[in-house]
Amino acid sequence: MSRSNNSWDDYCVRYLAALGTDLGDETLKSLWSETRQHFLSASEEDINWFIQALGDEQRKLFVVFMFNKVTKSVPQYLKKVLFSPLIRAAVYERNPSFNRSFVEPCVIAFGHRLVNEALLEFVEHGSNFEKAGAVNALYWAQVPLRFDREVPNFSKEYATPESQAAYDAVADIQLRKRCLFLREFVKNSSVEVRRSIIPSLVLDPLLYPDELRHFIPEAIAIAKTHSDSYIRHRIEVQLGTENLLQPLPPRNSNH
């Protein structure tokens with residue numbers, strides 16, 4: 001093993017050991033000051049270590065820690081090679097909240113469009129495990145509407161002009177996502193895929209092309225009569241007949 005890899009292994013061990021400890025913050029500050037320049041001037045060997053680490057359940061935490069620190073100043077060559085491994089780490093992260101740690105820095109570094117397109121490719125062409133993970137990750141890749149005053153409701157018309165413009169700039173992506181989610185929910189019988197899609201499934205026919213609208217009653221019927229209690233619960237939430245939200249059940253680790 002090279003000296004460079006030994007260094008990153010050592011840094012990673014120190015990072016993981018510091019998590020959740022009383023001295024964690026100070027240790028992480030010290031660790032970042034040691035690794036910052038090394039990370040920003042990463043060699044090909046270093047980059048290979050980062051890519052491999054992003055496929056590991058523990059070491060990926062260290063890589064995203066470093067990437068988060070310099071999201072807006074990562075060299076272009078480093079951004080380019082880490083984009084796909086970071087997206088894949090988001091997809092393979094089974095915690096539907098912690099995947100945010102991988103998605104949000106990608107959005108900052110690469111923009112909403114690229115991140116959404118990459119995740120939608122997994123939904124369209126991935127395994128069922130990847131489809132479910134990508135759907136979960138897409139939750140954190142949405143363009144937010146922002147409000148700078150008290151408003152009657154949080155609809156788009158009351159959002160700031162800047163956030164409306166950003167939202168409209170990816171209208172084609174939003175349409176693609178709605179259509180893909182609806183088709184996938186109806187045609188893919190995977191329980192985990194359907195569980196992941198159902199909270200984001202849009203049921204308004206006016207938001208779909210004519211040729212897909214017939215899928216909406218079919219999707220509702222599938223969900224209402226499904227053997228899975230979470231899917232049955234979430235369709236009732238979507239239809240407004242239930243208010244309390246159950247958490248998304250954990251995904252199977254087999255992939």
On a heavy-atom basis, which atom in [X] and which in [Y] lie closest, and how many Å separate them?
X      : Y      : result
Ala17  : Thr21  : O-CG2, 3.3 Å
Phe185 : Ala223 : CZ-CB, 4.0 Å
Leu119 : Ala134 : O-CB, 3.4 Å
Leu212 : Leu182 : O-CD2, 3.6 Å
Pro205 : Ile216 : CA-CD1, 3.5 Å
Val115 : Ala141 : CG1-CB, 4.0 Å

When you check the side-chain N and O atoms of [X] and [Y], is any donor under 3.5 Å from an acceptor?
X      : Y      : result
Ser190 : Asn188 : no
Asp10  : Ser7   : no
Glu130 : Tyr92  : yes

Counting N and O atoms only, with roles assigned by atom type, does the side chain of [X] sit under 3.5 Å from a partner on the main chain of [Y], one being a donor and the other an acceptor?
X      : Y      : result
Trp140 : Pro96  : yes
Gln238 : Leu203 : no
Ser163 : Ala159 : no
Ser30  : Glu26  : no

Do [X] and [Y] belong to the same hydrophobic cluster, where Ile, Leu, Val, Met, Phe, Trp and Tyr are linked whenever their side-chain heavy atoms lie under 4.5 Å apart, directly or via other members?
X      : Y      : answer
Val237 : Phe154 : no
Phe98  : Val107 : yes
Ile198 : Leu239 : yes

Problem set entry | Set of residues satisfying side-chain contact (heavy atoms from CB on, under 4.5 Å) with respect to Asp172, sequence neighbours excluded | Arg113
For this session: Apply side-chain contact (heavy atoms from CB on, under 4.5 Å) to the pair Thr160 and Arg149, showing each step before the final yes or no.
Result: CA-CA 9 Å; Thr160 63; Arg149 64 190 188 283; 5.8 Å; no
For this session: In sequence, state the C-alpha distance, the side-chain angles, and the governing distance for Lys131 and Glu121, and then conclude on salt bridge (Lys or Arg N to Asp or Glu O under 4.0 Å).
Result: CA-CA 9 Å; Lys131 288 173 186 283; Glu121 282 299 305; over 6 Å; no
Just checking [X]: does its [atom1] atom have more than 12 heavy atoms from other residues, nucleotides or ligands closer to it than 6.0 angstrom?
X      : atom1 : answer
Lys72  : NZ    : no
Tyr139 : OH    : no
Glu157 : CD    : yes
Leu206 : CG    : yes

Can you find a heavy atom in the side chain of [X] that is under 4.5 Å from one in the side chain of [Y]?
X      : Y      : value
Ser229 : His233 : no
Arg100 : Val103 : no
Leu82  : Val74  : no
Leu138 : Lys177 : yes
Arg36  : Lys69  : no

Ion pair present between [X] and [Y], side-chain N to carboxylate O less than 4.0 angstrom?
X      : Y      : answer
Arg194 : Asp228 : no
Arg94  : Glu192 : no
Arg176 : Glu124 : yes

Problem set entry | Ring center gap for Phe83 and Phe110 short of 6.0 angstrom | yes
For this session: Could you tell me whether Tyr208 and Phe215 have their ring centroids closer than 6.0 angstrom?
Result: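 No; Phe215 has its ring centre 6.0 Å or more from that of Tyr208.
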If you round to the nearest 0.5 Å, how far is [atom2] of [Y] from [atom1] of [X]?
X      : Y      : atom1 : atom2 : value
Ser97  : Leu248 : OG    : CG    : 9.0 Å
Glu236 : Ile220 : CD    : CD1   : 10.0 Å
Arg234 : Ser196 : CZ    : OG    : 11.0 Å

For this session: Before giving the answer on side-chain contact (heavy atoms from CB on, under 4.5 Å), spell out for Glu162 and Arg146 the whole-Å C-alpha distance, their side-chain angles and the decisive distance to 0.1 Å.
Result: CA-CA 8 Å; Glu162 296 80 9; Arg146 304 192 186 282; over 6 Å; no
Problem set entry | Worked verdict on Val13 versus Asp9 for side-chain contact (heavy atoms from CB on, under 4.5 Å) | CA-CA 6 Å; Val13 168; Asp9 286 335; 5.5 Å; no
Exercise. Sequence neighbours excluded, which residues qualify as ring-ring contact (aromatic ring centres under 6.0 Å, His included) partners of Tyr11?
Worked result: Trp8
Indicate every side-chain donor-acceptor pair of residues 59-68 with a distance under 3.5 Å to a residue at least two apart or in another chain.
unit_1, atom_1, unit_2, atom_2, d
Lys60, NZ, Glu93, OE1, 2.8
Asn68, ND2, Val64, O, 3.2

For this session: Decide side-chain contact (heavy atoms from CB on, under 4.5 Å) for Ile222 and Val186; before the verdict, give the C-alpha distance in whole Å, the side-chain angles of both, and the deciding distance to 0.1 Å.
Result: CA-CA 7 Å; Ile222 288 170; Val186 170; 4.3 Å; yes
